[in-house]
Amino acid sequence: MTEANPYQLAQVNIGRLKAPLNSPQLKAFVDNLDPVNADADNADGFVWRLEGETGDATDIAVFGDEWLIINMSVWRDTNALTAYMYQGRHREMLARRREFFERVQEAMVALWWVPAGHRPTVAEAESRLLHLRTNGPTPYAFTLRTPFPAQGAEQFTALAIPDDLGCPA
């Protein structure tokens, strides 16, 4: 996709905490939030991320559950998101996610295309996750393992995702 593409990729991922954010168990996660977010902010293809009053999104409610935290961002395309996700500090923290978050069966990550300049809301993200959980990957909500092209964009192929780090399909 080119810079002139009228669509950008929105992503949401949520996690159910194993302990309170201020607990010793989550110290490494909390200590890495700012550096990981700074890496995202400076990554090629990064467009926007959801932020609360603290500069991250840990204080923003999702699904009315205080044990869930949300991360939502917009990227140029799937290649830009994937390049950021699987390198550096983010990859290190992703590999440690089971230390901080409960393992759940339902989809906790969803992707969808938005018009360039659109900033998705938490309600929109919740809708996309619920749709993915109910219907599986569709153009309305999908995963990196089962992507769909932006409306009017050329087809693209699914990227290879390391088995130990990928999003559940």
Side-chain angles (χ1 to χ4, degrees), residues 7-41 43 46-75 78 80-82 84-85 89-148 150-151 161 165-169:
Y7 297 96
Q8 295 172 326
L9 183 73
Q11 75 79 31
V12 63
N13 64 80
I14 61 174
R16 180 175 301 285
L17 297 170
K18 283 188 168 182
L21 281 171
N22 61 358
S23 69
Q25 184 176 351
L26 268 66
K27 183 176 181 359
F29 173 76
V30 171
D31 287 351
N32 278 282
L33 273 174
D34 287 342
V36 168
N37 284 336
D39 290 348
D41 292 348
F46 172 82
V47 176
W48 169 87
R49 71 180 163 86
L50 179 66
E51 294 182 55
E53 293 182 16
T54 59
D56 57 45
T58 59
D59 59 343
I60 298 175
V62 59
F63 288 119
D65 184 337
E66 65 185 34
W67 287 95
L68 289 176
I69 62 171
I70 185 171
N71 173 282
M72 184 164 51
S73 56
V74 175
W75 295 80
T78 55
L81 175 61
T82 303
Y84 164 73
M85 285 178 59
R89 272 186 284 248
H90 188 270
R91 181 186 175 106
E92 293 168 17
M93 296 310 295
L94 190 60
R96 295 179 63 188
R97 69 191 176 279
R98 297 292 172 238
E99 294 175 38
F100 315 122
F101 299 99
E102 291 181 11
R103 185 176 208 114
V104 295
Q105 294 299 320
E106 58 202 8
M108 301 293 269
V109 176
L111 307 173
W112 67 100
W113 295 102
V114 296
H118 176 71
R119 302 299 174 250
T121 65
V122 172
E124 186 178 341
E126 289 171 338
S127 172
R128 301 293 175 147
L129 277 166
L130 291 173
H131 181 86
L132 182 62
R133 290 173 180 178
T134 302
N135 302 293
T138 69
Y140 185 78
F142 53 90
T143 67
L144 282 173
R145 290 189 186 275
T146 310
F148 286 82
Q151 191 175 32
I161 310 253
L165 294 176
C167 309

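Along the sequence shown, residues are numbered consecutively beginning with 1. Everything quoted here is computed from the prediction, not taken from an experiment.
Proximity of a side-chain donor or acceptor of Q8 to a complementary backbone N or O of G117 within less than 3.5 Å is detected. Distance alone, capped at 3.5 Å, is enough to place a donor-acceptor pair between the R133 side chain and the A107 backbone. Using a distance-only test at 3.5 Å, with no hydrogens or angles considered, a donor-acceptor pair links the side chain of T82 to the main chain of T78. For the pair N32 (side chain) and R89 (backbone), a donor-acceptor distance under 3.5 Å is absent.
Side-chain contact between I60 and M72: absent, with no pair of heavy atoms (C-beta onward) separated by less than 4.5 Å. Within the 4.5 Å cutoff, the side chain of F63 has no heavy atoms near those of the I70 side chain. At least one side-chain heavy atom of P137 sits less than 4.5 Å from a side-chain heavy atom of L132. Between V114 and Y7 the shortest side-chain heavy-atom distance does not fall below 4.5 Å. Side chains of V12 and V62 form no contact here, defined as non-hydrogen atoms less than 4.5 Å apart. F100 is listed as a side-chain neighbour of M93, based on a closest heavy-atom distance under 4.5 Å. Side-chain contact check for H118 versus V74: every heavy-atom pair is 4.5 Å or farther apart. Residues F29 and S23 fail the side-chain proximity criterion, which asks for heavy atoms closer than 4.5 Å.
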Walk me through whether N13 and M108 qualify under side-chain contact (heavy atoms from CB on, under 4.5 Å). CA-CA 5 Å; N13 64 80; M108 301 293 269; 5.9 Å; no
Which is it for I14 and E126 under the side-chain contact (heavy atoms from CB on, under 4.5 Å) test, yes or no, and what are the steps along the way? CA-CA 10 Å; I14 61 174; E126 289 171 338; over 6 Å; no
Between E51 and N37, is the side-chain contact (heavy atoms from CB on, under 4.5 Å) condition met? List the steps. CA-CA 10 Å; E51 294 182 55; N37 284 336; over 6 Å; no
Residues V109, T143; criterion side-chain contact (heavy atoms from CB on, under 4.5 Å); working and verdict: CA-CA 7 Å; V109 176; T143 67; 5.9 Å; no
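A distance of 8.0 Å separates CG in D56 from CD1 in I69, rounded to the nearest 0.5 Å. With values rounded to the nearest 0.5 angstrom, N22 atom CG is found 12.0 Å from K27 atom NZ. Note: L68 CG to T58 OG1 = 13.0 Å, rounded to the nearest 0.5 Å. How far CZ of F101 is from CZ of R96: 11.5 Å, rounded to the nearest 0.5 Å. Taking CG of L33 as the reference point, atom CG of L21 lies at 7.5 Å (rounded to 0.5 Å). The distance from the CG atom of L144 to the CD atom of Q11 is 8.5 Å, given to the nearest 0.5 Å.
With hydrogens and angles left out, the side-chain atoms of W112 and E124 include a donor and acceptor closer than 3.5 Å.
P139 meets the side chain to side chain contact (heavy atoms under 4.5 Å, CB included) test with F148; sequence neighbours excluded.
Among all heavy-atom pairs drawn from Q25 and A19, the shortest one is OE1-CB, 3.6 Å. Between F46 and S73, the shortest heavy-atom contact is CE1-CB, 4.4 Å.
Between H131 and Y140, the angle of the ring planes goes over 60°, which puts this pair in the perpendicular group of the 30/60° scheme. Classification of the H90-Y84 ring pair by plane angle, with boundaries at 30° and 60°, yields tilted.
Atom CZ of R98 is surrounded by more than 12 heavy atoms from other residues, nucleotides or ligands within 6.0 Å.
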